[in-house]
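Below is one structure, written out as structure tokens, with a few remarks after it.
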Amino acid sequence: MTTAELPVIAAVDGSWHSYEALNWAAHDAVRRGLPLTIAHVRPLNRRTSQEAQRREAEELLAESVGRVAQVAPTLHTSTLAPLDFPAAALTALSEHASLLVLGSRGLGGFRALLIGSNSLATASMARCPVVVIHSGRADEEGEEAAETFSDIVAGVAADESSEAVLDFAFEAATSRPGARLRIVHGWTMFSSMLSGGPVFDRDAAEGAAERALAELTAGRRGQYPQVEVVQEPVHGSASRTLVTASATAALTVIGRRKGGEELGFGLSPVAQTTLTHALGPVAVVPC
């Protein structure tokens, strides 16, 4: 099975956040023409018997399938109920998914947290792109949402490390007719110097950043002529721009470094800030 045929996996735990993620995942699976797998991780818990956990999982998954049938009646769905720690189970499932969709928080943890530990850990370690749904907008899917939240926003570095982010962002824009793709790149005089660009002339450095973005997207503009592209080089960190843009974006796309997961280095400061404080759905793409 190729990556293009792998299912979208939505993780549910009975929380409102997870049902918002399920709703978003169902719509996205329809857009992409992919099946949907609904996963509920049964946590390792000695105080509850596995039989009781199995029954609870069956009830929860049956309810979830029913919810999907209401919003996407023709969508092919399947279910899974692995027994493991949530982040470990979801990371393992991500090897067999085209996309993994989570709520920003689950039933456990502290309400004051902007993102739960399992969601953050999974986004940092998964083998496929992970979309984290921040609460409050999933119920606005459909034509009204398409008009209100149409932009795809991508945060990139102006080099080859952003190839996977751009591929994902262009595909996401293509699946939403009329969507505009905003490509945000943060630059500083120091980063300009490191890349061999202007050192003392700010206008020249900004011009170099714009040219680097144009070169980075040139091939994809020809491949996706239907997508309107807006380049936004930003002086300083891109995280503030990305968080602000996420409030009215259909999806904000950021990258995650491969290879540093075991040491906790998967998310850069910009990516972690964006994921933690975003006001709409965020896709974290291994790159």
Side-chain angles (χ1 to χ4, degrees), residues 104 114-115 119-120 123-124 129-137 145-173 176 178-195 197-198 201-218 220-221 224 227-257 266-287:
S104 58
L114 297 176
I115 186 169
S119 300
L120 186 60
S124 300
V130 175
V131 174
V132 177
I133 306 300
H134 289 266
S135 183
R137 279 179 28 188
E147 295 176 0
T148 306
F149 308 119
S150 59
D151 285 351
I152 304 296
V153 178
V156 302
D159 56 36
E160 65 279 359
S161 68
S162 294
E163 295 287 339
V165 172
L166 287 171
D167 287 342
F168 186 93
F170 270 95
E171 287 293 336
R176 295 168 170 82
R180 182 178 67 162
L181 175 56
R182 296 173 57 189
I183 302 176
V184 178
H185 165 59
W187 65 274
T188 63
M189 295 306 297
F190 182 67
S191 66
S192 177
M193 179 187 70
L194 290 179
S195 63
D201 188 331
R202 176 169 171 166
D203 290 339
E206 183 174 7
E210 290 176 350
R211 289 191 296 275
L213 281 179
E215 292 173 3
L216 191 64
T217 60
R220 290 178 181 81
R221 286 174 182 262
Y224 301 96
V227 177
E228 178 187 356
V229 178
V230 178
Q231 297 175 191
E232 297 185 27
V234 177
H235 183 248
S237 173
S239 56
R240 181 186 296 273
T241 300
L242 292 171
V243 170
T244 301
S246 72
T248 55
L251 184 65
T252 301
V253 186
I254 54 178
R256 191 204 79 210
R257 294 190 292 264
L267 294 175
S268 69
V270 169
Q272 183 151 343
T273 299
T274 303
L275 180 59
T276 301
H277 296 281
L279 303 172
V282 178
V284 181
V285 180
C287 59

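Put simply, the side chain of V229 does not reach to within 4.5 Å of the side chain of Y224, judged on heavy atoms. Looking only at side-chain heavy atoms (C-beta outward), I254 and V270 stay at 4.5 Å or farther from each other. Using a 4.5 Å heavy-atom threshold, the side chains of L120 and L267 count as touching. With contacts defined as side-chain heavy-atom distances shorter than 4.5 Å, the pair L213/P233 qualifies. Contact annotation: the side chain of V282 never approaches that of L242 to less than 4.5 Å [non-hydrogen atoms, C-beta and beyond].
For R180, the side chain to side chain contact (heavy atoms under 4.5 Å, CB included) partners at least two apart in sequence or on another chain are D151, R182, E228, V230.
From R256, atom CZ reaches atom OG of S124 across 7.0 Å, with rounding to the nearest 0.5 Å. Atom CZ in R221 sits 10.5 Å away from atom CG in L216 (nearest 0.5 Å). Remark: E171 CD to R176 CZ distance equals 11.5 Å, nearest 0.5 Å. Rounded to the nearest 0.5 angstrom, E210 CD and Q231 CD are separated by 7.5 Å.
Heavy-atom minimum distance, I133 versus P281: CD1-CB, 3.8 Å. The two residues A169 and L181 make their nearest non-hydrogen contact at CB-CD1, 3.8 Å. Nearest heavy-atom pair, H185 versus A209, reported as atom, atom and distance to 0.1 Å: CD2-CB, 4.1 Å. Considering all non-hydrogen atoms of both residues, V227 and A179 come closest at CG1-O, 4.4 Å. The minimum heavy-atom distance between A238 and V184, with the atom names listed, is CB-CG1, 3.9 Å. Between V131 and A283 the shortest heavy-atom distance is CG2-CB, 3.9 Å.
A donor-acceptor pair is defined here as one N or O able to donate and one able to accept, closer than 3.5 Å; such a pair exists between the side chain of S246 and the backbone of L279. Under a 3.5 Å cut-off, the side chain of S162 and the backbone N or O of V165 do not form any donor-acceptor pair. Under the 3.5 Å distance criterion, the side-chain polar atoms of H134 are matched with a main-chain donor or acceptor of L275.
With respect to E163 and R220, a salt bridge is recorded, a charged nitrogen being found less than 4.0 Å from a carboxylate O.
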If you apply the rule side-chain contact (heavy atoms from CB on, under 4.5 Å), what do you find for V153 with T241, and how did you get there? CA-CA 10 Å; V153 178; T241 300; over 6 Å; no

